[in-house]
Amino acid sequence: MKVITTIKELQALLSEYRSASKSVGLVPTMGALHAGHASLVDRSVAENDVTVVSIFLNPTQFNDKTDLEKYPRTLEADCQLLEEHGATIAFAPSVSEVYPEPDTRTFSYPPTDSVMEGAFRPGHFNGVCQIVSKLFTYVDADRAYFGEKDFQQIAVIRRMVDDLKFRVQIVSCPVIREESGLARSSRNTLLSEEERQTAANIYRIMKQSLPMVETATVAEVHDYVVNEINAVPGLEVQYYSIVDGETLADVKSWDEADHIVGCITVYCGAAPIRLIDHIKYV
Ligand code: PAF
């Protein structure tokens with residue numbers, strides 16, 4: 001595996017692969033790689049001749065600078081994991097390489113980017129679109145792999161791809177969970193062992209609410225999940241939104257959309273650490 005830090009070097013190498021008619025998969029990451037990322041890399045390696053994994057902690061998508069400072073940085077271990085999973089290129093540029101000038105572009109895809117994370121983290125999806133559009137331009141991949149853990153992010157990126165007519169195919173890959181049910185996330189390393197166990201209650205309670213779809217209203221299911229999670233010491237729900245899985249607009253009844261998803265954000269523990277998850281109801 002080659003570790004590359006400049007766009008010029010990346011593009012020179014990719015043009016050699018392209019001349020040899022090799023297909024290219026891209027896995028965008030912010031590092032602190034775990035089994036969830038490994039599953040994206042495995043999928044890309046299986047479906048493409050060349051797999052590029054970007055490792056870039058993108059400052060423009062952090063509206064909270066403390067969150068950015070706290071974010072784990074583990075480049076050496078990341079490269080080892082990528083090597084083991086058969087990635088071809090690890091692209092790990094500096095901030096000045098990617099943003100020699102401040103990026104003043106704005107992206108707006110409501111309601112996908114204005115609700116939930118978009119409402120609670122103003123500017124977050126604008127920053128995600130800034131970096132992902134740059135990566136799509138640098139790599140010009142055939143396929144790009146994203147984890148469904150960031151369910152809303154995939155919906156926003158699909159809108160951007162459609163808007164800007166990138167040729168890349170977006171491949172969404174299932175959430176990878178710990179044995180306890182906790183969704184794998186780079187942020188989990190910031191939790192103590194006890195907090196990790198506490199955090200497992202988030203998905204456990206969401207799962208418990210699944211059969212309620214037969215008998216309860218959307219509002220009742222919403223309140224059940226919020227009240228049960230808030231009753232666990234160490235957990236506090238920021239929002240729970242039950243939405244149309246395509247548009248991400250709120251739904252009021254179970255027959256309002258073909259695909260209905262509950263999306264949650266919960267603060268966990270003393271720090272506290274902000275965790276997101278989702279569950280499919282319909
Ligand atoms: O999902 C992430 O890790 C990031 O939002 C992404 C897509 C790598 C952009 O920085």
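Atoms within a ligand are numbered from 1 in the order they appear, just like the ligands themselves.
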For [X] and [Y], which I'm curious about, is there any donor-acceptor pair between the side chains at under 3.5 Å?
| X | Y | result |
| --- | --- | --- |
| Asp49 | Tyr17 | no |
| Tyr239 | Thr265 | yes |
| Arg196 | Asn188 | no |

May I ask you to identify the nearest protein heavy atom to atom 3 (O) of ligand 1, giving residue, atom name and distance to one decimal place in Å?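 Sorting protein heavy atoms by distance from atom 3 (O) of ligand 1 puts Met30 CG, 3.7 Å first.
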Heavy-atom proximity to atom 9 (C) of ligand 1, best of His37, Gln61, His124: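 The option holding the nearest heavy atom is Gln61.
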Just which atoms of ligand 1 are under 4.0 Å from any heavy atom in [X]?
| X | value |
| --- | --- |
| Ile131 | 9 (C), 10 (O) |
| Thr29 | 8 (C) |
| Gln153 | 1 (O), 2 (C), 4 (C), 5 (O), 7 (C) |
| Asp150 | 1 (O) |
| Pro28 | 8 (C) |

Measure from NZ or CZ of Arg177 to the centre of the six-membered ring of Tyr203 and say whether it is under 6.0 Å with the direction within 45° of the ring axis.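 Here Arg177 passes the 6.0 Å and 45° test against Tyr203.
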Aromatic rings His222 and Tyr240: how do their planes relate, parallel, tilted or perpendicular, breaks at 30° and 60°?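 Because their plane-to-plane angle is under 30°, the rings of His222 and Tyr240 count as parallel.
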Kindly determine whether Arg204 and Asn201 satisfy side-chain contact (heavy atoms from CB on, under 4.5 Å), including the steps that lead there. CA-CA 5 Å; Arg204 182 183 65 74; Asn201 286 292; 2.9 Å; yes
